[in-house]
Amino acid sequence: MRHIAPKDAAELDAIETREWLDSLDYVLQSGGPAKVARLLRELTVHARQNGVKLPFTASTPYINTISADEQALMPGSPDLERRIKSLVRWNAAAMVVRANKAEEGIGGHISTFASAATLYEVGFNHFFRGHENGDGDVIFFQGHAAPGIYARAYLEGRIDETHLENFRRELKPGGGLSSYPHPWLMPDFWEYPTVSMGLGPIMAIYQARFMRYLEDRGLKPVSNSKVWAFLGDGETDEPEALGAITLPAREKLDNLIFVINCNLQRLDGPVRGNGQIIQELEATFRGAGWNVIKAIWGREWDPLLAKDRDGLLVKRMGEIVDGQYQKYAVESGAYVREHFWGVDPRLLDMVKHLSDDQLKKMTLGGHDPIKVYNAYKAALEHKGAPTVVLARTIKGYGLGEAGEGKNITHQQKKMNEEELRAFRTRFGIPISDAEVGNTPFYRPAEDSIEIKYMRDRRMALGGYVPTRKVRSEPLASVSSELFEEFYKGTEGRKASTTMVFVRLLSKMLRDKDLGRLVVPIVPDEARTFGMEALFRAVGIYSHAGQVYEPVDMDTLLYYKEASDGQILEEGITEAGSMSSFIAAGTAYAAHGVNTIPFFIYYSMFGFQRIGDLIWAAGDARTRGFLLGGTAGRTTLAGEGLQHQDGNSQLFAMAYPNCLTYDPAFAYEIAVIIQDGIRRMYVEQESIFYYLTVMNEQYAMPEMPKGVHDGILRGLYKFRAAGKPDAPLRAQLFGSGAILPEVIKAQEVLESKYNVAADVWSVTSYSELYREGHACERWNMLHPGETPRVPYVTECLKDAPGVLIAASDYVKALPDSIDRWLPRPLTSLGTDGFGRSESRASLRDFFEVDYRYVIVATLAALARDGKVEWSAVAQAIKTHNINTEKSNPAIS
Ligand SMILES: Cc1ncc(C[n+]2csc(CCOP(=O)(O)OP(=O)(O)O)c2C)c(N)n1
Ligand SMILES: [Mg+2]
């Protein structure tokens, strides 16, 4: 062999590289990929040990994860599937175009589904499993892709033309279709709401984990069900979308598949114009421990990649940023040849056999069924970790001039006749030129091969999806035995409502019927609420069990993790806990199991922080109990401005199917929870509950006679005035931990000021407010009929004297019932930012303690001319109230 001296270092490098590559190729051919991987690992270790600094990289080259020669053949009929997909595309676009012709501004999206059609169709024809055989998949559809899902349901014969016609016109006779996935509006169709971006992905993660929980706890047979979450690449900027992705990797949730439609665009423009979203997401997910499958390039690229011996093409693919890729999508083949391939004559040479038109038509991975099929197949087969499929697509695919790849495409709702004609021709829809301008829906005959194929595929896969159906039997009854102890009170012993709740929860967990269905959920706050005894009693759920010896093993209440543990101790994530709550509270439909979630958290971090997830819970018809712990702006001592909650009762009022209570006493909690379980799990009502519980301890009284219904309706008389015939009279309203202050005020008013007051416990302003408005509405619409009287009016109609309310929440709460009272109400509440202070100081600062109730009562009596103003001044002095203190509402 003749040795030629290398000309320079570069040539030497090239030769050296070639030799290494040749050796590697030899190992690959003789030993296979696993052997190559092992060698590379060993080489890396060896290099590191010898001081070589290797840069960290979590991403792989910008090519498909599954190479052409690893691909499986696709079953079924690709031609038929393509035709079906075209029909779905057409009807999806037509419904949006028609909706916007009929009613300007009604909205809708064409381009999201246009880019995702293949991602869904491959799923529908080959993967998504219906629930009919008992173990279906749970699918989170990307909200803006809804038109495509409706279009398919139309072809399947599940919804009719009137429905399509009434897309986004839900109030039309005959019914319409909701703009996005909303189980509240379409309870037989959509399973989970997704359109608030980021919520679908996090709900999917906790859904997958909850499915394991049901299996591990023996509540559901072990199955192969998967959770699919379809999301946009822009959506991944939402903290919720990526914020919980370490959990499924840690818990080895191979039942979870994310499909991210990487069309490189969001609403306004490119997702990462100056970067590569696919590479970024790959690194993020790989770093978190996911199996990542990239489907970037369609089949036309395979032969070119096969020729790319020196990696020139792969290098070129990896150096183009997304903004530029988007440009190629809207440009001609000649432009692509010049700008993408033209940088190197060797690259140009690779495509010299292809015409400009052929270059233009080279598809991307997310538009090529074989690539998508193989990605899903690999996801399904992957064991021990969740999978994310990163599929590259073009936004508005097929829309051509009407918006394909353009920055305006997300908002495109209209197509002119020419654009419609082009779209029709491109997808081969049998609609004539004469008709196309009317955008008719198109459905082939019932006995056509397309319809038959679609249906056959769905039947083989366990029925239609999405389908929402209640799959559980109602509970027969709730035993009152569990709750009776709480009716008796604590016989003078002090307890907080939190302690009462925890005791009730422990009893429910031990109950032979309810026990196994209860799902306690805490975001790292069990000790805050005194729940640590439950760790040992029922265990903390962990699929892995407990593979370490806990430090407190020798104590009674040790930190016990177990694969059949019952508590979901989520760590510090209210969003994650809420997603668990949704999974557990909708299992009656999704899994046919009546699990009853109790999610207890710091009340300030509930409605205020994760209100949108709670809204989604309402939409999804979630059942269960939210418990806002350490509640009350002045009851939570010490913590201060960010912790003290005087808001959540008001926020909760706006959640239509959330019943909200601010209980003060043990028996109130028992009555509300007992009736809640009855309404949700026996009567099957689509409601859920929010209760605030506090950590102030006081004696729990026995339940007075005849107050059961009042507790549930929101108001009852707790204690009547001692001297009802006294000339000075008042009605005092209190709730939660402020009720004891009101009771104390009643005593002082009677003994020191000769004012006889009745005390009312307002368990729910929200219930009173809703019922008051319901009566008013009915009366307005039924003129001349006997008017309905709001419950609160009925209760107070003969009650004498002035009306004073004190609450640990903002004054808007008591104010909300003012109009239905016989006389104006004076409201004391806790508007403003909290302070770190003692309970007594806080109540002075916010002006809600018994002294202020007394002064407010006397002031109201003075306004009515019943007492002198000097009496008010005297009371202010007696009670040491600083009249010049700043207004807490704005300080
Ligand atoms: C929480 C939230 N913020 C904003 C929106 C409004 N919005 C709807 S779609 C969209 C862009 C979506 O982009 P991407 O996730 O990439 O989806 P694509 O349509 O490209 O598939 C935005 C901002 C929303 N639906 N939810
Ligand atoms: Mg996008």
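Only heavy atoms go into these numbers, but all of them, side chains included; no hydrogens, no water, no symmetry mates. Counting starts at 1 for both ligands and their atoms, following the listed order.
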What pairs with Arg621 under salt bridge (Lys or Arg N to Asp or Glu O under 4.0 Å), at least two apart in sequence or on another chain?
none

Can you check whether Val227's main-chain N or O pairs, donor with acceptor, with Asp137's side chain at less than 3.5 Å?
no

Pi-cation contact, Tyr397 with Arg426 (under 6.0 Å, within 45°):
yes

For the residue pair [X] and [Y], categorise the inter-ring angle as parallel (less than 30°), tilted (30 to 60°) or perpendicular (more than 60°).
X      : Y      : answer
Phe141 : Phe128 : perpendicular
Tyr120 : Phe113 : parallel
Phe340 : Tyr328 : perpendicular

Do Asp645 and Ser648 have side-chain atoms, one donor and one acceptor, less than 3.5 Å apart?
yes

State, with a plain yes or no, whether a side-chain heavy atom of Tyr335 is found less than 4.5 Å away from one of Lys360.
no

Applying side chain to side chain donor-acceptor pair (under 3.5 Å), which residue pairs with at least one partner in residues 176-187 are found, sequence neighbours left out?
Tyr150-Ser178, Arg168-Tyr180, His182-Asp619

Protein N/O/S atoms closer than 2.8 Å to the Mg ion (ligand 2), ordered by chain and number, come to Asp233 OD1, Asn263 OD1, Gln265 O

Return the protein residues near ligand 1 (heavy atom under 4.0 Å from any of its atoms), ordered by chain and residue number.
Thr112, Gln142, His144, Val195, Ser196, Met197, Gly232, Asp233, Gly234, Glu235, Glu238, Asn261, Asn263, Gln265, Arg266, Leu267, Lys395, His410

